[in-house]
2 protein chains.
Amino acid sequence: MPVTIKDIARAAGVSHTTVSRALQDNSAISAETTARIKKLAQEMGYTPSAVAQSLLSQRTLTIGMVVTTIADPFIIQLMDGVEQVAKAAGYSVFLSTSHNDPEQEIAVVDTFQRRRVDGIIVTSSRVGSVYSSRLDKIQVPIVLINNQEEGDFLHTVAVDDVQGAQLAVEHLLGQGHVQIAYVGAPNRPKSNRRRLAGYEAALRQAGVYLNPEFVLAAEAGNDLERGQEALDLLLTVGATAVFCYNDITAIGLVMAAAEQGITIPQELSVVGFDDIEPASYVTPSLTTIRQPRSKLGQLAMQMVLDLLHEQEVQDQSLACELIVRQSTGPVPGVIPSR
Amino acid sequence: MPVTIKDIARAAGVSHTTVSRALQDNSAISAETTARIKKLAQEMGYTPSAVAQSLLSQRTLTIGMVVTTIADPFIIQLMDGVEQVAKAAGYSVFLSTSHNDPEQEIAVVDTFQRRRVDGIIVTSSRVGSVYSSRLDKIQVPIVLINNQEEGDFLHTVAVDDVQGAQLAVEHLLGQGHVQIAYVGAPNRPKSNRRRLAGYEAALRQAGVYLNPEFVLAAEAGNDLERGQEALDLLLTVGATAVFCYNDITAIGLVMAAAEQGITIPQELSVVGFDDIEPASYVTPSLTTIRQPRSKLGQLAMQMVLDLLHEQEVQDQSLACELIVRQSTGPVPGVIPSR
DNA sequence: TTGTACGCGTTATCAA
DNA sequence: TTGATAACGCGTACAA
């Protein structure tokens with residue numbers, strides 16, 4: 001059993017109140033006894049109990065983070081951003097995975113409530129709406145990162161999918177491409193719709209005809225296979241460049257191209273989205289849109305802190321960055337505009 | 001402020017003791033009142049306070065996990081294994097990063113103690129020994145995963161580096177190679193030494209001369225660069241195959257080979273270690289040794305639980321698995337033995 | 001079958 | 001400058 005202030009009080013021959021005050025450098029206690037008690041506490045290996053403190057203060061200095069799936073290399077950096085800000089503010093983070101199962105997600109949030117966390121952060125939730133409906137029961141701030149359900153719920157931090165997609169397509173346009181296809185992700189309705197919107201906006205701004213056939217209807221269940229499937233569709237419609245929903249899909253496409261002997265970027269330019277680690281290792285390395293992962297986490301945590309301090313907060317949308325690598329190049333026979 | 005059992009007691013016209021018992025299905029309480037109270041609790045949105053329960057029970061049903069660095073794609077799966085077992089046993093997990101800084105690692109463990117976690121799991125610690133020395137102060141079970149300091153400390157779960165390395169080298173031997181080099185990682189002394197030992201054991205068993213020149217002295221600071229640096233050394237000593245400390249190093253080597261126009265596996269076979277995600281995406285995809293990551297986490301958490309139940313535990317060493325992909329092949333002009 | 005009283009470790013209020 | 005006491009929310013020994 002850990003040492004308590006009562007143990008120290010007994011050893012020092014004072015009341016436990018005095019010990020508590022001394023350890024807090026309360027000016028009411030004489031410098032002498034303060035020093036004596038602190039020394040004693042040190043020697044006895046005293047560590048205050050956050051549990052007891054929490055019971056009294058009604059705050060645990062704790063937040064809960066729910067992540068959906070472990071398959072996403074994305075998560076750690078998010079987590080790191082959250083934790084940096086949390087730690088600096090004296091908060092600890094509970095991490096729990098929902099495995100993308102709405103039922104588990106609810107269960108996790110329930111556990112967090114039992115533990116009286118001061119705030120909750122949820123990533124890529126597909127059930128953002130349940131929080132709105134249960135908000136009366138969940139008495140703590142909830143911030144969603146890259147929420148995947150349509151509609152506007154609660155407080156969110158998200159990457160600017162539209163802007164990111166525009167960056168990608170503008171890069172391709174700059175290389176002279178006009179036959180640009182898009183491979184989406186039907187299972188992420190919200191961000192998919194936004195990336196498509198960015199794709200269309202960029203083309204429209206450039207005065208390029210929006211050929212509906214260029215929005216490819218790959219339907220495989222996972223990202224990688226959807227990329228592989230997309231290659232044939234792409235060749236059928238005659239695109240010279242393609243923007244993929246994410247890097248995994250782009251990598252699938254690149255792998256399929258390698259098998260069929262189609263050279264990238266000479267015959268086909270490919271842009272991904274996310275800048276996951278493998279993007280820089282594939283051959284050719286992938287031109288992509290980098291999400292500010294750590295920043296997303298930092299902002300989400302900061303938003304929780306602001307909400308706890310009852311400050312106004314605004315939903316945040318973070319800009320992405322274009323990372324040019326080897327999977328994109330000029331259209332064959334065309335000199336790039338710059 | 002959340003609803004408490006006192007609130008329910010008041011609403012139900014009974015004592016808070018009765019409420020507490022009813023919610024625990026205590027047989028002393030009549031079925032009727034139990035039902036009434038449960039219904040009321042439900043309606044009022046009652047969630048028990050784990051904080052208050054912990055103060056009383058002296059257990060938090062909480063464990064702390066310290067991870068060293070976010071650069072490692074490894075961690076999430078470890079985390080997932082830990083959490084699976086933890087969740088099933090009713091435990092929640094605090095996650096905190098030390099950024100590979102011993103000082104921060106100590107600070108994190110200190111925070112965990114204040115929060116009265118029931119156990120601690122530390123990954124890839126370089127300061128395992130501090131735990132032994134402070135063990136009298138840290139009153140809870142500590143389990144280290146892949147501890148990186150020499151010596152045997154406390155309780156550990158680790159991958160069997162020797163066996164993994166043997167698998168790798170035996171695979172190369174099976175392809176007819178005898179000129180097999182090794183690229184190590186001086187900054188991970190313990191596992192590096194063990195993988196080297198496995199490499200040597202495999203060669204010795206096969207009756208192959210241990211040429212000290214084949215243990216390459218690449219010294220770059222990071223794994224990727226060390227792989228790139230290794231290529232030249234390798235060509236100098238005339239190896240036909242190489243076993244790398246990990247996948248990142250192997251990928252560095254593969255990338256350097258691509259630049260110099262050396263074809264893999266025709267001119268050089270490469271084996272990595274870890275089976276990180278990019279390993280399957282590089283060209284050629286990487287033959288490697290897969291660490292049972294999730295299992296490592298599960299075992300570590302199970303060990304914590306066993307220790308909490310005061311059961312005997314034994315340090316665990318987990319076997320690795322060979323994953324054959326495209327970066328290895330027969331020696332030019334030699335028919336593989338099988 | 002139900003209620004009273006106490007304690008878990010800490011901080012805050014009030015009195016000395 | 002210090003101490004006695006109550007309170008945070010809950011569980012339990014004992015009494016009724």
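Here is the naming used below: chain letters follow the sequence lines, and residue numbers restart at 1 for every chain. Since this is a predicted model, take the numbers as computed values, not measurements.
Note that CG of A/Leu23 is 7.5 Å distant from NZ of A/Lys38, once rounded to the nearest 0.5 Å. From A/Ser27, atom OG reaches atom CZ of A/Arg21 across 10.0 Å, with rounding to the nearest 0.5 Å. With values rounded to the nearest 0.5 angstrom, A/Phe94 atom CZ is found 11.5 Å from A/Ile120 atom CD1.
The CZ-C1' distance, from A/Arg10 to D/dG3, rounds to 16 Å in whole Å. For the pair B/Arg116 CZ and C/dG9 P, the computed distance is 9 Å after rounding to whole Å. Summarising the geometry, the separation between CD1 on A/Ile37 and C1' on D/dT1 is reported as 12 Å, rounded to the nearest angstrom. Distance A/Arg59 CZ to C/dT10 P: 17 Å, rounded to the nearest Å. In this structure, A/Leu55 atom CG and C/dC8 atom P are separated by 13 Å, rounded to whole Å. The distance from atom CD1 of A/Ile5 to atom P of C/dG9 is 10 Å, rounded to the nearest whole Å. As rounded to whole Å, 15 Å separates atom P of C/dT11 from atom CD of A/Gln58. Taking atom CD1 of residue A/Ile8 and atom C1' of nucleotide D/dT2, one finds them 17 Å apart after rounding to whole Å.
B/Gln53 has a side-chain polar atom (N or O) that falls below the 4.0 Å cut-off from OP1 or OP2 of D/dG11. Between A/Lys6 and C/dT10 there is no side-chain N or O to OP1 or OP2 distance below 4.0 Å.
Counting any heavy atom pair closer than 4.0 Å across all strands shown, A/Val14 reaches sugar-phosphate atoms only and no base atom. Nucleic acid contact for B/Pro48: sugar-phosphate only, since backbone atoms but no base atoms lie under 4.0 Å from a heavy atom of the residue.
Considering only the side chain of B/Ser49, D/dG9 comes nearest among D/dG9, C/dT11, C/dT2.
Within residues 25-36 of chain A, no residue is approached by DNA chain C to less than 4.0 Å at the level of any non-hydrogen atom.
Within 6.0 Å of atom NZ in A/Lys87, more than 12 heavy atoms from other residues, nucleotides or ligands are found, so the atom counts as buried in its surroundings. In the displayed structure, B/Gln311 atom CD is contacted under 6.0 Å by more than 12 heavy atoms of other residues, nucleotides or ligands.
Each of A/Thr4 and B/Gly13 has a nearest nucleotide on DNA chain C; the 5'-most of these lies closest to B/Gly13.
With 3.5 Å as the limit, one finds no donor-acceptor pair spanning the side chains of B/Ser54 and B/Arg59.
Although no hydrogens or angles enter the test, the distance criterion places a donor-acceptor pair under 3.5 Å between the side chain of A/Ser57 and the main chain of A/Gln53.
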Protein and nucleotides 12-16 of chain C: nitrogen or oxygen contacts under 3.5 angstrom:
residue	atom	partner	partner atom	Å
C/dT13	O4	A/Arg21	NH1	3.4

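Salt-bridge formation is detected for the pair B/Lys39/B/Glu43: a Lys NZ or Arg NE/NH1/NH2 atom is positioned less than 4.0 Å from an Asp or Glu carboxylate oxygen.
If you run side chain to side chain contact (heavy atoms under 4.5 Å, CB included) between A/Gln298 and each of A/Met303, A/Arg293, A/Gln84, only A/Gln84 comes through.
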